[in-house]
Structures are given as structure tokens and as C-alpha cells.
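Written below as C-alpha cells is the structure these notes are about.
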Amino acid sequence: MDAKRADGEKTPDLSAPSPIADRLLAWYDRHRRDLPWRARPGETADPYRVWLSEVMLQQTTVAAVRPRFENWLARWPDFASLAVAGEADVMAAWAGLGYYARARNLVAAARVVVAEHGGAFPRTEAALRRLPGLGAYTAAAVAAIAFGERAVVVDANVERVVARLFAIRQPLPAARTAIRRAADTITPNMRAGDFAQAMMDLGSAICTSRAPKCLLCPLADDCAALAAGTPDAFPVKPAKKARPQRHGTIFWLRRGDRVLLVRRPDKGLLGGMRALPTGPWQDAAPGLEDAPAQADWRMLDGVVTHGFTHFQLDLALAVATIEGEQPVAGEWWPIDALGTAGLPTVFARAADAIVEQGG
DNA sequence: GAGCCGTGGCT
DNA sequence: TAGCCAAGGCT
């Protein structure tokens, strides 16, 4: 490896040699992905871009993040602009990405950076960890990638790679203590940021959850799980629980060429997002319970189904038209501009289904 | 520790 | 196709 090419690394390497890190970094220097948020060799990483990308990538694929990252940067290119952004605009910009607390926490963190840190991002893992939305993983990743700190970066990729390298037989989540300790032993003092990204690239391309490509792996000779003949048996995962089925009703209330939208409560599912009105979500279909207005409701044929992380939802579709100035809480949004409302996917799909049926 | 919190892609 | 999975954080 070529330590002089490290991005923003300053600490001298006082650690014992780590053949695993050396082999991985050599592989990374040849196979690293070129990603929009990633500094190229010799470039200095932009902490704002590193942070934004890490948050967007939480539980979210690179393919989904790519276009969103560029659009976001065009609107809010730095901490100062994000700190004064309107929360409604930010939430709408995040629509479709999921885990909406991330968007609210981005704004909150930017405001803390401006108000309490003079607009400069904290440079240590410990200080980053105190910002909203930066947990153990993201604080370590930003500290390592943006600031060159030797932080132990453990995400699902690292968990998988390390559990295989060391053939850790304890099941998740209890294994995380041992995995972190093992990850610490192979994390180099120099190029900790490159090392973290190398582990993620390896996990993404080679050491995959299913059918790992061990023949192409630069760490094959180090891997206890491969030596045991069952690399894909690690990490050991707990049995998943079944997702319950819930039922609800979506209310499509028209007035002229507009439809009623509401804002969901800040806490909880789809918190703070613009939405179509719905009644309660429960074990059986609730019918017209909690309709947003007295009207001549008509049920459409069929339901819209949507899977969330911890339950499955069937939504019946109720439509009605009202006239005049009956006061109704919410916003009347032009139906032909619903795409600009920033609806979460479940409501965007329901709206499509309703419009198709002439709602 | 365990439940809650989205979505799209892949097998 | 139904389940699995992805650069997690918060309570």
C-alpha cells in the first residue's frame, strides 16, 4: 500500500503491522468504487458530503441514494443552507427514501453545527456522536472518512466480513461485542477511512450475504469461515418474527381539481410527512371510521397493499367530492401536481391507483 | 435487548 | 413470490 496517498490521514502508524489491513487496502486501491460522495485519491473529503451520504445510505442502497444525493446538494450544499431550510421542504425532498426521522435529524444537526460549533463540523468521533442522527456507526464513519481518525467502523458489511474472517459462531445481536473487538484488532492507524470503505466495498461486491465470491477475495487466506467450508453460514442470525397484517382506509376527498392532504404527527410512522387522510390501522378493515369530512363516500374496488418493516398493510380506498366552503383541516393540493407534494411511497401509490380508477 | 421506523431490488 | 436484504438510530 501507499500510505502517502491517504486522504487526510495525519496520525503516524504506531500499530503492529496488520497483514489483513494491508491486503485489503491494496485490493481497495485497485477496485474501489467511484462514488459521488467519495474523495478520489489525493482529494480531501468534504465533511458535509460524507455526513450526508452516510445518513442517506443508512439501510438504503447506493442505487437509491445516488440521484437523491446530487439533488440534495444542489438545494442545500452546506451546513449553513441546511440549517435555515424549511422543514416541510426538507421532508418533501426526502419523500420516498424512507426512515423519515433521518431527514428531520439532518436539519437538527445542521442547526446545532451552526449554532454551537460556529458552522464547523465536529472533528472527533465522540463529538460527532452527540449530534442527532449520528449513532455509533455514522459517527465513526465520518470521523474516519472525513477526518482521518482511527475509528472502528462497524456496519452490516463489516459485521459480515469480520464474523466470517474470525468464524464468530455466537448469533447476532449478542455477537456484536466480539465482532467489534475483532474489527478493532484489524483496523489500521493509517487510512482508517479507506479501510472502512474498503470493508464496505468488499462486503458489497465479494463478501456478500448470499453466494460470496471467495475465489476473488483478497482475504481468502485469512478467512476462518472459508477454511471451515461454510462462509455463508456467518454471521449467525436470529429467527425473524412474522409480520402482522393490518387494515386501513385511505380517504380521497376532492374539491374541484384538488384533493385533501394532511400532515402526519411528527412522531411515529411516516412522522411529519404530508399524506392522504387515513383512519386507524387495525386488525380488521375499519371502513369509514375517522373520515376527514361528512360526505357521500364511495368505496373503490380493490385495495392497495404495502409492506412496512414490522407489519403488512392493506388499504381500502374511499372517495368523495365536496362542494363549497365546508371547513376541513388540511391542504387542498392540485391533483395534477401531486408529484410535488412529497408523499411517502405508500400514499403516492394509493393516489396513482385512485386516479387510475377515475377518483 | 427488543421494538419501532420505509423502501426498492433481488432471488 | 414471499422473503431477504441494504453504509442504522432512537427509545
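Order of the sequence lines fixes the chain letters, A, B, ..., with proteins taken first and strands second; residue numbering starts at 1 for each chain. These figures come from a predicted structure and were not determined experimentally. Basis for what follows: all heavy atoms, side chains included, without hydrogens, waters or symmetry-related copies.
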Per nearest nucleotide of DNA chain C, the residue lying toward the 5' end, A:Arg160 or A:Gly135, is A:Arg160
> Looking across every strand, which nucleic acid part, if any, lies under 4.0 Å from A:Thr138 by heavy atom: base, sugar-phosphate, or nothing?
Replying inline: sugar-phosphate
* Asked: With a 4.0 Å cut-off on heavy atoms, is A:Arg38 in touch with a base, just the backbone sugar-phosphate, or nothing at all?
  -> base
message: Taking B:dG3 as the reference, what is the distance to C:dA7 when you measure between their P atoms (whole Å, please)?
response: 23 Å
Contact class for A:Ala136 (heavy atom, under 4.0 Å): base, sugar-phosphate, or nothing? sugar-phosphate
Of A:Val62 and A:Arg243, the one whose closest nucleotide on DNA chain C sits nearer the 5' end is A:Arg243
I'd like to know if the side chain of A:Arg274 reaches the main chain of A:Ala341, judged simply by a donor and an acceptor atom lying under 3.5 Å from each other, with no hydrogens or angles considered. yes
Is it the case that the side chains of A:Thr60 and A:Arg102 hold a donor-acceptor pair, with the cut-off being a distance below 3.5 Å and no angle test?
yes
*Is A:Trp51 touching bases, backbone alone, or none of the nucleic acid, heavy atoms closer than 4.0 Å?*
nothing
Please determine whether a side-chain nitrogen or oxygen atom of A:Tyr100 lies at a distance below 4.0 Å from atom OP1 or OP2 of B:dT7. yes
When all nucleic acid strands are considered with a 4.0 Å heavy-atom cut-off, which category describes A:Leu35: base, sugar-phosphate, or nothing?
base
Between CZ of A:Arg104 and C1' of B:dG6 the distance, given in whole Å, is 14 Å
Between CZ of A:Phe234 and C1' of C:dC5 the distance, given in whole Å, is 20 Å
_Please classify the nucleic acid contact of A:Thr309 as base, sugar-phosphate, or nothing, using heavy-atom distances under 4.0 Å._
base
task: Report yes or no: is there a donor-acceptor pair, N or O only, under 3.5 Å between the side chain of A:Thr61 and the base of B:dG8?
output: no
Side-chain atoms of A:Ala156 come closest, of C:dC10, C:dA7, B:dT7, to C:dA7
When rounded to whole Å, the NZ to P distance for the pair A:Lys267 and C:dT11 reads 6 Å
Residue pair A:Gly268/A:Arg210 against DNA chain B: nearer the 5' end by closest nucleotide is A:Gly268
Atom CZ of A:Arg102 and atom P of B:dG6 are separated, to the nearest Å, by 9 Å
ask   = Taking atom types as modelled, is there a side-chain donor on A:Gln357 or A:Asp301 under 3.5 Å from an acceptor on the other?
value = no
Is it the case that the side chain of A:Arg246 and the backbone of A:Phe311 share a donor-acceptor pair, with hydrogens and angles ignored and the cut-off at 3.5 Å? no
Regarding the side chain of A:Leu269, the nearest nucleotide among C:dA6, B:dC5, B:dG8 is B:dC5
Atom CD of A:Gln58 and atom P of C:dG9 are separated, to the nearest Å, by 5 Å
Rounded to whole Å, the CG-P distance (A:Leu131 to C:dC10) equals 10 Å
Rounded to whole Å, the CD-P distance (A:Glu159 to C:dC5) equals 13 Å
Checklist entry - Quick one: is B:dG6 close enough that its OP1 or OP2 comes under 4.0 Å of any side-chain N or O from A:His306? => result no
| said: On the side chain of A:Thr60, is there an atom forming a donor-acceptor pair with the base of B:dG6 - under 3.5 Å, no angle test? | reply: yes
Do A:Arg255 and A:Trp332 meet the cation-pi criteria used here (NZ or CZ under 6.0 Å from the six-membered ring centre, within 45° of the axis)? yes
Of B:dG3, B:dT7, C:dA7, the nucleotide closest to the side chain of A:Val346 is B:dT7
Across every strand shown, the nucleotide meeting Watson-Crick or G-U wobble geometry with B:dG3 (both distances under 3.5 Å) is C:dC10
Check: When you check the phosphate oxygens OP1 and OP2 of C:dG3, does a side-chain N or O of A:Lys240 lie under 4.0 Å from one of them?
Finding: no
Just wondering, more than 12 heavy atoms not from A:Asp221 lying within 6.0 Å of its CG? no
Touch check for A:Leu270, heavy atoms < 4.0 angstrom, all strands: base, sugar-phosphate only, or nothing? sugar-phosphate
Picking from C:dA7, B:dT7, C:dA6, the nucleotide nearest the side-chain atoms of A:Met200 would be C:dA7
### Message
Assess, by modelled atom type and distance only, whether the side chains of A:Thr138 and A:Gln58 contain a donor and an acceptor separated by less than 3.5 Å.
### Response
yes
Using a cut-off of less than 4.0 Å, is there contact between a side-chain N or O of A:His310 and OP1 or OP2 of B:dC5?
-> yes
Whole-Å distance, A:Leu57 CG to B:dG6 C1', equals 15 Å
